[in-house]
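Side chains included, hydrogens not; waters and symmetry mates left out as well; all remaining heavy atoms used. This is a predicted model, so every value here is computed, not measured. Each residue takes its place number in the sequence, starting with 1.
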Amino acid sequence: MTVKEIKSALLRKGWAGKTVSRKETAERLNPLIEAHVKLKLTYANLLPLLASDSERQELELFLKTLRLDVGKLKELVFSCGETAFNGTSLEPESFNLTSDDPLSDLRECELALREQLDAECPVQHQIRTEAVLVRLRKNSDTRLSFIRKCVHRALTAA
């Protein structure tokens with residue numbers, strides 16, 4: 001068990017000890033914002049490729065959640081007095097899923113984001129930032145589950 005886990009277990013929702021600076025928080029969160037924006041564009045490009053209306057509706061909910069997640073991350077960066085990544089330099093068309101297996105490509109993108117989120121686990125973030133990161137990991141798990149269901153449906157239909 002790490003020191004961070006021991007502190008969390010003892011203090012429940014509280015926190016003790018030194019956390020990363022506000023500047024470092026912003027530096028660590030901006031790549032996460034960029035990854036979320038890219039993932040959102042990738043999911044949006046998958047939307048017309050889905051055969052099922054229920055899958056499209058579920059995907060639209062994920063897009064809404066991704067937009068909210070980006071907003072939460074940006075809010076954290078702004079509260080640190082820094083500038084958040086805005087994504088205006090990204091071209092939505094560059095995130096088209098053009099391979100023969102777009103769901104596998106999407107899964108790889110989601111797993112890459114998950115790795116970035118997991119890399120933040122040992123960092124001593126402020127409690128508010130920590131709470132947002134926990135929520136982002138749960139949202140990623142939900143999307144990965146959706147991708148698994150879509151792949152399973154595609155395999156059983158073939």
Side-chain angles (χ1 to χ4, degrees), residues 4-5 8 13-15 18-99 101-151 153:
K4 183 177 175 181
E5 292 169 333
S8 292
K13 294 183 181 177
W15 196 249
K18 187 175 175 154
T19 59
V20 296
S21 70
R22 291 164 31 133
K23 183 167 181 58
E24 186 178 351
T25 296
E27 289 170 355
R28 297 187 76 85
L29 294 182
N30 266 323
L32 286 174
I33 295 170
E34 182 176 0
H36 272 81
V37 170
K38 288 178 178 179
L39 189 64
K40 180 180 67 75
L41 293 170
T42 305
Y43 272 98
N45 288 329
L46 177 68
L47 202 53
L49 302 177
L50 292 175
S52 162
D53 283 340
S54 64
E55 287 177 352
R56 280 194 292 276
Q57 289 173 347
E58 197 169 354
L59 185 61
E60 287 173 0
L61 290 174
F62 291 142
L63 286 168
K64 180 179 178 182
T65 302
L66 275 165
R67 285 190 294 272
L68 291 170
D69 290 347
V70 168
K72 289 175 193 172
L73 286 167
K74 285 183 174 186
E75 184 180 303
L76 288 170
V77 171
F78 293 144
S79 72
C80 291
E82 299 292 330
T83 304
F85 176 81
N86 62 19
T88 57
S89 62
L90 301 177
E91 295 295 328
E93 305 83 41
S94 63
F95 297 95
N96 285 339
L97 297 165
T98 56
S99 79
D101 193 4
L103 288 172
S104 291
D105 293 346
L106 182 62
R107 182 178 178 274
E108 293 304 315
C109 294
E110 187 71 58
L111 288 173
L113 172 69
R114 184 57 196 244
E115 285 179 20
Q116 281 184 277
L117 290 168
D118 289 344
E120 294 302 313
C121 285
V123 178
Q124 298 279 355
H125 285 288
Q126 294 177 9
I127 193 74
R128 176 177 56 151
T129 304
E130 191 68 38
V132 169
L133 292 172
V134 167
R135 172 54 59 190
L136 296 178
R137 284 191 292 277
K138 287 180 183 175
N139 291 344
S140 179
D141 288 342
T142 303
R143 290 188 302 269
L144 282 168
S145 176
F146 167 76
I147 294 169
R148 279 191 291 277
K149 284 192 292 186
C150 289
V151 168
R153 280 188 210 133

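In this structure Glu108 satisfies the salt bridge (Lys or Arg N to Asp or Glu O under 4.0 Å) test with no other residue, sequence neighbours excluded. Legend: residues meeting side chain to side chain donor-acceptor pair (under 3.5 Å) with Ser52, ordered by chain and number and at least two apart, are Ser54. In terms of the side chain to side chain donor-acceptor pair (under 3.5 Å) criterion, residue partners of Asn45 (sequence neighbours excluded) are, by chain and number, Asn96. For the side chain to side chain donor-acceptor pair (under 3.5 Å) test, no residue two or more places apart in sequence or in another chain qualifies with Arg137. Residues that satisfy the side chain to side chain donor-acceptor pair (under 3.5 Å) test with Thr25, not counting sequence neighbours, are absent from this structure. Residues satisfying the side chain to side chain contact (heavy atoms under 4.5 Å, CB included) criterion with Glu91, sequence neighbours excluded, are Glu93, Ser94. Taking the side chain to side chain contact (heavy atoms under 4.5 Å, CB included) definition, one finds that Arg107 meets it with Leu111, Leu144, Ile147, sequence neighbours left out.
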Next item on the list: List the steps, then state whether side-chain contact (heavy atoms from CB on, under 4.5 Å) holds for Val123 with Leu133.
Entry: CA-CA 11 Å; Val123 178; Leu133 292 172; over 6 Å; no
Next item on the list: Take Thr19 and His125, measure what side-chain contact (heavy atoms from CB on, under 4.5 Å) needs, and give me the verdict at the end.
Entry: CA-CA 5 Å; Thr19 59; His125 285 288; over 6 Å; no
Next item on the list: Could you check Leu113 against Gln116 for side-chain contact (heavy atoms from CB on, under 4.5 Å), going step by step and ending with a plain yes or no?
Entry: CA-CA 5 Å; Leu113 172 69; Gln116 281 184 277; 4.3 Å; yes
Margin query: For Arg143 and Leu39: C-alpha separation, side-chain torsions, deciding distance, then whether side-chain contact (heavy atoms from CB on, under 4.5 Å) applies.
Written below: CA-CA 11 Å; Arg143 290 188 302 269; Leu39 189 64; 3.9 Å; yes
In a table with atom names and distances, give each donor-acceptor pair under 3.5 Å that connects a side chain of residues 81-89 to protein atoms at least two apart or in another chain.
from, atom 1, to, atom 2, distance (Å)
Asn86, OD1, Thr88, N, 3.1
Asn86, OD1, Thr88, OG1, 3.0

I'd like a table of donor-acceptor pairs (distance under 3.5 Å, sequence neighbours excluded) in which one partner is a side-chain atom from residues 57-78, with atom names and distances.
from, atom 1, to, atom 2, distance (Å)
Thr65, OG1, Leu61, O, 3.1
Asp69, OD1, Asn139, ND2, 3.0
Asp69, OD2, Asn139, ND2, 3.0

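For residues 20-58, there are no ring-ring contact (aromatic ring centres under 6.0 Å, His included) pairs, not counting sequence neighbours. The list of salt bridge (Lys or Arg N to Asp or Glu O under 4.0 Å) pairs with a residue in residues 37-55, not counting sequence neighbours, reads Glu34-Lys38, Asp53-Arg56, Glu55-Arg153.
Annotation: side chain of Arg114 is in contact with side chain of Asp141 (closest heavy-atom distance under 4.5 Å).
With 3.5 Å as the limit, one finds no donor-acceptor pair spanning the side chains of Thr129 and Arg28.
Atom SG of Cys150 and atom CG of Leu46 lie 7.5 Å apart (nearest 0.5 Å). Remark: Thr42 OG1 to Asp105 CG distance equals 9.5 Å, nearest 0.5 Å. The CD atom of Glu24 sits 10.5 Å away from the SG atom of Cys80 when rounded to the nearest 0.5 Å. Note: Gln126 CD to Ser21 OG = 9.0 Å, rounded to the nearest 0.5 Å.
Shown here for Ala44 and Pro48, the closest heavy-atom pair between the two residues is O-CD, 3.6 Å. The minimum heavy-atom distance between Glu110 and Ser140, with the atom names listed, is OE2-OG, 2.7 Å.
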